[in-house]
Amino acid sequence: MALPKRKHSKSRRDKSRTHWKLATKSLTTCPQCAKQILPHRACSGCGTYRGRQVVVVAEKKPKKGASQS
Ligand SMILES: [Zn+2]
């Protein structure tokens with residue numbers, strides 16, 4: 001099996017890693033509630049997809065310890 005002749009320096013390794021980057025996700029806006037959503041997915045805010053209700057979105061529970069008035 002072929003093997004590298006020499007060890008790559010830390011500098012060379014680190015220079016190569018400068019190209020490791022996170023790609024920004026492309027987001028679209030929900031036409032129903034204007035929330036930022038992933039394309040081709042049902043909206044997590046209102047549960048609609050292409051103008052139709054497809055998911056029943058549960059209402060947010062009040063946080064523990066939060067006093068109710
Ligand atoms: Zn929505």
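Atoms within a ligand are numbered from 1 in the order they appear, just like the ligands themselves. Note that this is a predicted model, so its numbers are computed, not measured.
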For residues 44-53, tabulate all N or O donor-acceptor pairs below 3.5 Å that involve a side-chain atom, not counting sequence neighbours.
{"unit_1": "Gln53", "atom_1": "NE2", "unit_2": "Cys46", "atom_2": "O", "d": "2.9"}
{"unit_1": "Gln53", "atom_1": "NE2", "unit_2": "Val55", "atom_2": "O", "d": "2.8"}

Fill in the blank from the handout: In short, side-chain hydrogen bond (donor to acceptor under 3.5 Å, both in side chains) pairs touching residues 25-41 with sequence neighbours left out are Thr29-Gln36

Less than 3.5 Å apart, which donor and acceptor atoms pair up between the side chains of residues 3-13 and the rest of the protein, not counting sequence neighbours?
{"unit_1": "Ser9", "atom_1": "OG", "unit_2": "Arg12", "atom_2": "N", "d": "3.0"}

Handout entry: Test side chain to side chain contact (heavy atoms under 4.5 Å, CB included) applied to Leu38 and Leu27, step by step
Key = CA-CA 5 Å; Leu38 292 169; Leu27 293 170; 4.0 Å; yes

Handout entry: If only protein N, O or S atoms under 2.8 Å count, total around the Zn ion (ligand 1)
Key = 4

